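Reviewing the structure listed below.
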Amino acid sequence: HAALSRRYVLCEVVSEDPRCRQCIEDRALGLAVRDAIARVHGDYGLACCSISFTGAGETGGPGGAGSLRVRSSVRVSPAVKYLNAYTGTVLLRCRKDSYRLLCSALPFVRYLESRAQRYPCFLNTLHVGGTIRTCQKFLIQYNRTQLLRLLQNCTNEEERQCIRKSLLSCSLTEEQSQSGDEEEDDGTE
């Protein structure tokens with residue numbers, strides 16, 4: 001199943017402008033990533049990653065294996081598998097054979113554009129995994145580590161209590177994913 005092997009790239013959007021996170025949309029992020037790939041890797045890299053993002057050239061149905069349909073407008077947004085604008089967490093999906101092209105272009109994302117405004121930012125790659133589930137596990141551990149750092153940097157007990165109170169007031173519910181994407185593991189990470 002080499003043609004179906006995927007990689008999931010977990011990133012965070014880092015910006016000093018608080019309005020940046022409010023404007024994050026999967027389309028804007030997808031276009032920024034596409035632009036960075038084109039600048040860094042040219043037409044070749046863009047074609048590899050665009051095929052990867054849209055799923056074109058995969059088996060199944062007309063236009064599957066062996067036939068690549070040329071489209072006038074390449075849809076990039078399917079590459080953004082998950083986006084949490086509140087936390088700035090982004091999960092990008094690509095084919096296994098082109099994830100290095102994607103990862104090498106991510107540092108060249110310099111801004112996000114939304115509603116005719118440009119917000120300076122950069123993408124910090126946190127993890128590359130073979131499944132969504134491995135990225136989720138990594139993100140839980142990463143957030144725990146970040147929380148411990150935050151608590152250690154508190155200057156007094158009042159700040160610590162405020163953070164603890166905020167955390168305890170949060171409620172989490174587990175939801176089963178409706179898609180089978182987390183089961184697409186080829187055994188390698």
Side-chain angles (χ1 to χ4, degrees), residues 1-14 24-85 87-113 121-142 175-189:
H1 293 294
L4 298 176
S5 294
R6 301 268 188 220
R7 285 296 171 258
Y8 296 90
V9 181
L10 181 65
C11 305
E12 66 179 342
V13 177
V14 180
I24 298 176
E25 299 170 344
D26 61 347
R27 179 171 162 66
L29 188 63
L31 290 173
V33 169
R34 182 175 184 248
D35 181 56
I37 292 168
R39 282 185 283 128
V40 174
H41 298 294
D43 291 341
Y44 171 77
L46 186 58
C48 289
C49 291
S50 293
I51 291 168
S52 176
F53 290 162
T54 61
E58 292 179 357
T59 58
S67 67
L68 176 64
R69 290 183 290 181
V70 177
R71 298 179 182 153
S72 59
S73 63
V74 177
R75 296 175 306 144
V76 179
S77 59
V80 181
K81 191 67 178 161
Y82 171 78
L83 171 65
N84 185 329
T87 62
T89 304
V90 178
L91 188 63
L92 303 171
R93 181 187 74 187
C94 65
R95 286 184 10 194
K96 182 179 178 180
D97 59 355
S98 62
Y99 85 94
R100 286 186 176 99
L101 289 172
L102 172 65
C103 289
S104 64
L106 290 178
F108 294 93
V109 173
R110 304 274 189 228
Y111 61 87
L112 291 178
E113 193 166 335
C121 67
F122 67 92
L123 295 178
N124 181 24
T125 303
L126 301 175
H127 181 73
V128 177
T131 64
I132 292 174
R133 190 173 308 271
T134 58
C135 291
Q136 288 172 331
K137 288 178 181 179
F138 175 84
L139 187 58
I140 289 168
Q141 188 59 43
Y142 175 78
E175 295 180 21
Q176 289 293 333
S177 175
Q178 297 300 319
S179 66
D181 288 329
E182 60 271 69
E183 303 303 324
E184 295 179 8
D185 194 355
D186 63 357
T188 60
E189 301 261 336

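One is the number of the first residue; the rest follow in order along the sequence. Computed from a predicted model, the values in this text were never measured in an experiment.
- Taking Thr87 as the reference, Asn84, Thr89 meet the side-chain contact (heavy atoms from CB on, under 4.5 Å) condition, with sequence neighbours excluded.
- Phe138 is linked by a side-chain contact (heavy atoms from CB on, under 4.5 Å) to Leu10, Leu126, His127, Tyr142, counting only residues two or more places apart in sequence or in another chain.
- No side-chain heavy atom of Leu139 sits less than 4.5 Å from a side-chain heavy atom of Leu91.
- Side-chain contact between Val80 and Val33 is absent, with no heavy atoms from C-beta onward closer than 4.5 Å.
- Arg6 has its side chain within reach of Arg95: a pair of non-hydrogen atoms, C-beta onward, lies under 4.5 Å apart.
- Legend: residues meeting side-chain hydrogen bond (donor to acceptor under 3.5 Å, both in side chains) with Ser104, ordered by chain and number and at least two apart, are His41.
- Atom SG of Cys135 is separated from atom CZ of Arg7 by 9.5 Å, given to the nearest 0.5 angstrom.
- Residues passing the side-chain contact (heavy atoms from CB on, under 4.5 Å) test with Ala38 are Leu46, sequence neighbours excluded.
- A heavy-atom distance below 4.5 Å is found between the side chains of Leu112 and Ile24.
- Cys48 and Ser98 get closest at one heavy-atom pair: O-OG, 4.1 Å.
- Residues satisfying the salt bridge (Lys or Arg N to Asp or Glu O under 4.0 Å) criterion with Arg39, sequence neighbours excluded, are Asp35.
- Among Leu102, Leu92, Leu106, the one residue that satisfies the side chain to side chain contact (heavy atoms under 4.5 Å, CB included) test with Thr125 is Leu106.
- Although no hydrogens or angles enter the test, the distance criterion places a donor-acceptor pair under 3.5 Å between the side chain of Thr131 and the main chain of Thr134.
- A distance of 11.0 Å separates CD of Glu113 from CZ of Arg27, quoted to the nearest 0.5 Å.
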